[in-house]
There are 2 protein chains.
Amino acid sequence: MTRPHLPTTTGLRVVAALAQHGTVSAAAQALNLTQSAVSKQLKAVEDLVGLALFTRTSRGLAPTEAGVIYIAQARVALGALETAAARVAGLRSSRPALRLHVLPILGDRWFMPRFSRFVEAHPDIEVQFSTFAASDTVEEADIVFRFGDGHWPGWQADYFLGREVLLVGAPQFIARGGGIDAPEDAWRFPILEHRQTPLHWSDFAASHGIGDVRPERMVRLGYYSLVIRAAIAGQGLALVPRSLILDELAGGQLVNPAGLGYSSTNCYWLTTPLDRPRHADLATFCDWALAEARETESTAAAQAPLAASQRS
Amino acid sequence: MTRPHLPTTTGLRVVAALAQHGTVSAAAQALNLTQSAVSKQLKAVEDLVGLALFTRTSRGLAPTEAGVIYIAQARVALGALETAAARVAGLRSSRPALRLHVLPILGDRWFMPRFSRFVEAHPDIEVQFSTFAASDTVEEADIVFRFGDGHWPGWQADYFLGREVLLVGAPQFIARGGGIDAPEDAWRFPILEHRQTPLHWSDFAASHGIGDVRPERMVRLGYYSLVIRAAIAGQGLALVPRSLILDELAGGQLVNPAGLGYSSTNCYWLTTPLDRPRHADLATFCDWALAEARETESTAAAQAPLAASQRS
DNA sequence: GAAACACTAGTCCAAAATGGAATAGGAGAG
DNA sequence: CTCTCCTATTCCATTTTGGACTAGTGTTTC
């Protein structure tokens, strides 16, 4: 046998990022590469595989049947590498690295812009992030960020962010649909849902006492990044924690019509294992992350009235 | 976050090959790279990980604690890539590739020297090999090479090779130990065992009617490649199918003292699923592989008397 | 004890791969 | 029609990779 044709690990990351972000340009930002580099890496993987992994549209990319299969295995491979890094980092006799498991949406929209502040403040603490790792590696992590109601046996859960959920959409899209003045107006529009957090719309309806969820249409997407992006593109209304879309709200790409939203019991939590000692670096990181999250939400709260006044 | 430090897929292959082959030079041969390239790739992975993955001795390399962890995840990652390739290959609307799952020892010692003959004879048939893939992918394969007694529910098993098992060792090593004229003489020596096929020595003892296995010492190794290599290095006696060591017997690196060995019911089988149609390419490959295996064993049988006469 | 053998690690250098800047071109929205 | 967002490609500089070769070490053989 000659040398097998394997993709590079950059190629795997590109494929995984494209699945999550939906466009070459957005994936490039997430990967800290240029649009041109990502485009070429995708082409290289597709040439190697011999099939297109994504279809191209003017709005971005969508996985093909082959792409869905390939993306799944790319994630398994990347997860194994995260596991290897995390487990080996745990063996260092010098100060062991902190092992964090983060959800994709938090990695992109919360850690990416802020983590450098932690590094500057604590250059001596090494942090190992995982996103794709399998559940056994997740359980080994020092900190696991989770979405839910805050109850995980064996784990202490500290509220992180996302309790305040807003109904949002692109301004022109909402205007074309006749505007939204009351919660039930939302059902005139297609709505977007993140598959892994499917309860939002029923919570929204329940919190406003408006009966069943009855939208014109519902589109389910695999990543919150894609939900947000589709909302910006005018493909539907979305329910999104305010803290995750501060820039889009400030920039006017998304608006929160009539200030509609609700307070969710399902939100993002910072969890730590109860059966392991809380060593100093872990405590330092938790304090920093929770404080930054509080600051994020203070900023979010301060912007809310401003956004409301811009709406009239 | 800046770009994560991921190993290259070549680095992963190097780490997995080193685990299997025990020396940089042997791994290089298996990978179709030079010793220098493999050495540099290993250094690059170890620099990235920040820990040594192998200890170096004058006889080769052995995994460290970190190495064992890393190797396991490297194999998971490579398995995922094999799965991706196999599943995507199955989607091609043109002639789908044959998906073969091969044991490491057969990949190295049987397919590596012979597969180019198949390619020359059938350039139009694409074959996808896997070795590391997880069990779900194995079950999807068109052909699975297995070691055992030939009974796997749902699979047709055709004898492939390995029924004739020889007691072998390095000539000087055997001479220093006083030679071997009878089966029980083997217990004066350390013996080597492949962890995944642990029954050989008891089968050897039973077939010669010599009671329990009572060697001076037993060393268990994770790969048959390492068993063969350790036998050549004079670290013990091994039981190995004749067909897998024709070159070593012919070259005198290993000898079969007193023609000792036995006929094993546990051997290598070519298995195909009963619940799927046997399409033409599959039949072509099976015919070729079984014919080549027959030829391998004819050659082996023809060499046996010659080796015996060289021994006196 | 010397020679031979098998091994790893490093240097030098050419080739290949990678990524960024820039550009071309397409599609949709305003 | 213009603007915006998008992908794909070209050009080029930089980085990475792998092979040839060498230096050095340790073990085995004679």
Side-chain angles (χ1 to χ4, degrees), chain A residues 2-3 5-14 17-18 21-29 31-48 52-62 170-177 229-230 232-235 248 251-253, chain B residues 2-3 5-14 17-18 21-29 31-48 52-62 169-176 229-230 232-235 248 251-253:
Chain A
T2 59
R3 260 171 245 174
H5 294 108
L6 293 179
T8 61
T9 41
T10 303
L12 299 179
R13 291 179 63 230
V14 159
L18 287 168
H21 295 283
T23 75
V24 172
S25 306
Q29 276 194 315
L31 294 166
N32 203 25
L33 290 170
T34 61
Q35 175 271 328
S36 135
V38 171
S39 180
K40 284 187 276 190
Q41 287 282 350
L42 173 59
K43 183 179 193 306
V45 177
E46 287 181 323
D47 287 346
L48 180 139
L53 299 179
F54 293 89
T55 55
R56 276 70 158 170
T57 72
S58 59
R59 289 176 160 161
L61 292 84
Q172 305 280 3
F173 172 73
I174 290 172
R176 278 205 299 277
R229 161 161 222 97
I232 293 170
Q235 294 175 19
E248 286 77 14
Q253 294 165 285
Chain B
T2 60
R3 259 169 244 174
H5 294 108
L6 292 179
T8 62
T9 40
T10 303
L12 297 179
R13 290 180 62 229
V14 158
L18 287 168
H21 294 283
T23 75
V24 173
S25 306
Q29 275 192 316
L31 294 167
N32 203 27
L33 291 169
T34 60
Q35 176 271 328
S36 133
V38 171
S39 182
K40 284 187 276 189
Q41 287 281 350
L42 173 58
K43 183 179 191 309
V45 177
E46 287 181 325
D47 287 347
L48 180 138
L53 299 179
F54 293 90
T55 55
R56 275 73 156 166
T57 72
S58 59
R59 289 180 159 155
L61 292 82
Q172 305 281 1
F173 171 74
I174 292 173
R176 279 203 298 276
R229 165 164 219 96
I232 292 169
Q235 293 173 20
E248 286 77 14
Q253 291 164 286

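In what follows, every chain begins at residue 1, and chains take the letters A, B, ... in the order their sequences are listed. Heavy-atom basis, side chains included; hydrogens, waters and symmetry copies ignored.
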Where the side chain of B:K40 is defined as all heavy atoms beyond and including C-beta, which of D:dT7, C:dT11, D:dT17 is the nearest nucleotide?
C:dT11

Nearest to the side chain of B:S25 - D:dG19, C:dC7, C:dG30?
C:dC7

Taking only the side-chain heavy atoms of B:Q172 (C-beta and beyond), determine which of D:dG18, D:dA8, D:dC30 contains the nearest atom.
D:dC30

Out of C:dA21, C:dT18, D:dG18, which has the shortest distance to the side chain of B:Q41?
D:dG18

Is the shortest side-chain heavy-atom distance between A:H21 and A:L31 below 4.5 Å?
no

Rounded off to whole Å, could you give me the CZ-to-C1' distance for the B:R56 and D:dT27 pair?
19 Å

What does B:T8 touch in the nucleic acid at a heavy-atom separation under 4.0 angstrom: a base, only the sugar-phosphate, or nothing?
sugar-phosphate

Is the backbone N or O of B:A62 less than 3.5 Å from a side-chain atom of B:T55, with the two atoms forming a donor-acceptor pair by type?
yes

Counting side-chain heavy atoms from CB outward, which of D:dT29, D:dC6, C:dA6 is closest to B:R229?
C:dA6

Roughly, in whole Å, what's the span from CD1 in B:I232 to C1' in D:dT27?
16 Å

5'-most contact on DNA chain D (nearest-nucleotide basis), A:Q253 vs A:S36, goes to A:Q253

Grab the two heavy atoms, one from B:T8 and one from A:T9, that are nearest each other, plus how far apart they are.
CA-OG1, 3.9 Å

Residue A:T23, side-chain atoms from C-beta onward, closest of C:dG19, D:dT7, C:dT8:
D:dT7

Under the criterion side-chain contact (heavy atoms from CB on, under 4.5 Å), I'd like the reasoning laid out for A:L53 against A:V45: C-alpha separation, chi angles, the key distance, then a yes or no.
CA-CA 9 Å; A:L53 299 179; A:V45 177; 3.7 Å; yes

Looking only at side-chain atoms of B:S39, point me to the closest of C:dG30, C:dT8, C:dG20.
C:dT8

Grab the CG-P distance between A:L33 and D:dT7 for me, whole Å please.
14 Å

Quick one: which of D:dC21, C:dT18, C:dG20 gets closest to the side chain of A:A37?
C:dG20

Measuring from the side chain of A:R59 (C-beta onward, heavy atoms only), which nucleotide among C:dA29, D:dC6, C:dT8 has the closest atom?
C:dA29

Is the closest side-chain heavy-atom distance between A:L12 and B:L6 below 4.5 Å?
no

Whole-Å gap separating P (C:dT11) and CD (B:Q35):
14 Å

To the nearest Å, give me how far apart CG (B:D47) and P (C:dA9) are.
11 Å

Between A:F173 (CZ) and C:dG30 (C1'), how many Å, whole number?
17 Å

Calculate the interatomic distance between A:H5 atom NE2 and C:dA17 atom C1'; express it in whole Å.
15 Å

From CG of B:L6 across to P of C:dT18 the rounded distance in Å is 14 Å

